[in-house]
Number of protein chains: 2
Amino acid sequence: MKSAVSTEKTLREGSLAKRTAILAAARELFVRHGVDGVSMDAVAARAAVSKRTVYDYFGDKRRLFLAILADASESMIASVRRALDEHLADGAGITTVPQLEKALTAFAIDLGTTIVGSADYAAAFALVAQQRMQTPATEDDVVTTAAEEALVERVAHFADAGLLDTENPPLAAAHFGALTILLAYNDQPDPATADPDRVRQTMIDGVHAFIRAYATR
Amino acid sequence: MKSAVSTEKTLREGSLAKRTAILAAARELFVRHGVDGVSMDAVAARAAVSKRTVYDYFGDKRRLFLAILADASESMIASVRRALDEHLADGAGITTVPQLEKALTAFAIDLGTTIVGSADYAAAFALVAQQRMQTPATEDDVVTTAAEEALVERVAHFADAGLLDTENPPLAAAHFGALTILLAYNDQPDPATADPDRVRQTMIDGVHAFIRAYATR
DNA sequence: GGCACACTACACCGTGCAGTGTAGTGCTGT
DNA sequence: ACAGCACTACACTGCACGGTGTAGTGTGCC
């Protein structure tokens with residue numbers, strides 16, 4: 001009678017406030033103690049909500065977890081696009097290598113402080129890392145892929161413009177990511193400990209190395 | 001009465017065969033299903049050993065986990081030193097940049113196929129990633145630190161020799177690691193899926209970029 | 001034969017937790 | 001006044017798992 005078409009089991013829409021409260025609470029606890037280390041009671045308590053409500057909203061623990069990932073993913077890709085637009089847009093008047101380095105540095109620092117520094121996004125990384133082998137290919141890959149693609153497009157653009165010297169923009173973009181975000185994240189995976197100055201320095205150095213490797217001479 | 005000096009609780013030495021069997025079984029299962037997703041019964045079964053024996057050998061689940069880390073750490077650092085010795089030793093007659101690139105590439109591929117390709121070491125990475133926030137600073141950091149230090153020493157050496165251009169060998173070493181191992185690992189974190197050719201290509205490209213960024217011109 | 005030891009097989013305890021069912025409360029619109 | 005809804009509080013089930021205790025078996029050593 002319920003016409004339960006997909007896996008959905010008559011979840012409730014509910015108020016946005018409670019929904020985000022639950023997501024925030026769960027994210028925080030999951031990141032700190034691991035998904036398995038957190039009881040649904042704890043999540044409910046932290047969200048100041050009845051456990052029953054958590055289940056009414058999200059169905060079960062797994063789907064709550066996935067909702068967190070989806071949430072973080074969404075705002076993360078948005079952040080990347082925004083930073084990309086803000087610092088590396090076509091209209092930014094980047095015509096020389098020094099200008100490019102400056103813009104890339106600003107971009108990297110922006111992204112770095114946003115992503116590595118603030119918990120929401122770092123949480124996604126951490127959670128995916130925790131669950132990687134247990135969860136068959138979460139949509140994290142989708143996110144990083146989408147983000148990288150956007151970056152690849154910019155790299156290709158600057159290669160066309162004669163500022164970067166590469167026949168393989170995806171590779172160059174990957175190297176850019178490795179020298180900046182990846183390295184920064186690897187240095188301080190604990191969101192709580194994230195030191196903005198250190199992230200900043202990592203970004204500056206990473207971009208510099210990238211420019212030395214890839215700038216037209 | 002037991003004179004339990006430290007945390008030790010009268011563990012048993014046991015045979016090396018059983019010990020390694022248990023470690024191997026636990027490592028495999030932990031990596032695949034996560035530490036919390038694996039019961040001690042499962043470990044015992046997989047190791048073809050009584051559960052009681054597992055407890056007699058390792059005390060409890062936590063210490064079994066730490067034993068796995070220690071084990072992997074040990075052989076990992078050994079691998080790094082060996083590869084370093086094999087490809088980048090003083091006596092290797094590296095006097096030109098092309099020679100250096102070649103040696104670095106060989107080194108990276110060697111390390112890459114050993115570490116990323118083969119499960120033992122990748123397991124450590126994966127497990128630490130899983131447990132990072134739940135376990136207060138495991139000795140993974142010790143390993144990567146020790147490994148990086150050895151690499152730093154070599155980089156400094158080649159900088160002195162006039163082949164590399166950097167005033168900051170630790171940074172250069174970090175960038176080397178980011179462009180090679182880190183990137184390779186990030187591309188395919190699942191040991192089972194590890195594609196040697198892909199790892200190989202990542203290493204070649206990474207070293208090439210590193211050389212472009214850091215070789216003396 | 002008899003002791004010591006490594007090990008197994010198995011039963012067992014306690015507990016924490018995912019998930020459910022339900023009674024009850026307050027709010028809103030009619 | 002009443003129905004409908006969102007939500008809470010709470011009790012409760014079932015189960016999986018960490019860890020322990022122990023009786024019994026095989027082996028080597030004296």
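A note on names: the letters A, B, ... follow the listed sequences, proteins ahead of strands, and every chain is numbered from 1.
For the pair R52(B) CZ and dC5(C) P, the interatomic distance rounds to 17 Å; values are reported in whole Å. Rounded to an integer number of Å, the gap from CG of L29(A) to C1' of dC17(C) is 15 Å. Protein atom CZ of F58(A) is 16 Å distant from nucleotide atom C1' of dG19(C), rounded to whole Å. The distance from atom CG of D56(B) to atom C1' of dA9(C) is 13 Å, rounded to the nearest whole Å. Summarising the geometry, the separation between CG on L16(B) and C1' on dA6(C) is reported as 15 Å, rounded to the nearest angstrom. Atom C1' of nucleotide dA6(D) and atom CZ of R19(A) are separated by 14 Å, given to the nearest angstrom. Residue Y57(B) contributes atom OH, which lies 19 Å from atom C1' of dG19(D) at whole-angstrom precision. Rounded to a whole Å, the OH atom of Y55(B) is 17 Å from the C1' atom of dC7(C).
Using a 4.0 Å heavy-atom criterion, one finds that V54(B) contacts no nucleic acid atom at all. Within 4.0 Å (heavy atoms only), K51(A) reaches at least one base atom of the nucleic acid.
Remark: R19(A) qualifies as a cation-pi partner of F58(A) under the 6.0 Å distance and 45° angle criteria applied to the six-membered ring.
D90(B) has a carboxylate O that lies under 4.0 Å from a charged side-chain N of R154(B), or vice versa, which qualifies the two as a salt bridge.
Listed nucleotides dC7(D), dA18(C), dT8(C) differ in distance to S39(A); the shortest reach to its side chain belongs to dA18(C).
If you check the side chains of D110(B) and T114(B), you find a donor sitting under 3.5 Å from an acceptor. Using modelled atom types and a 3.5 Å distance limit, the side chains of D197(A) and Q201(A) yield no donor-acceptor pair.
Residue-to-nucleotide proximity on DNA chain C shows that, of K61(A) and S50(B), the 5′-proximal contact is made by S50(B).
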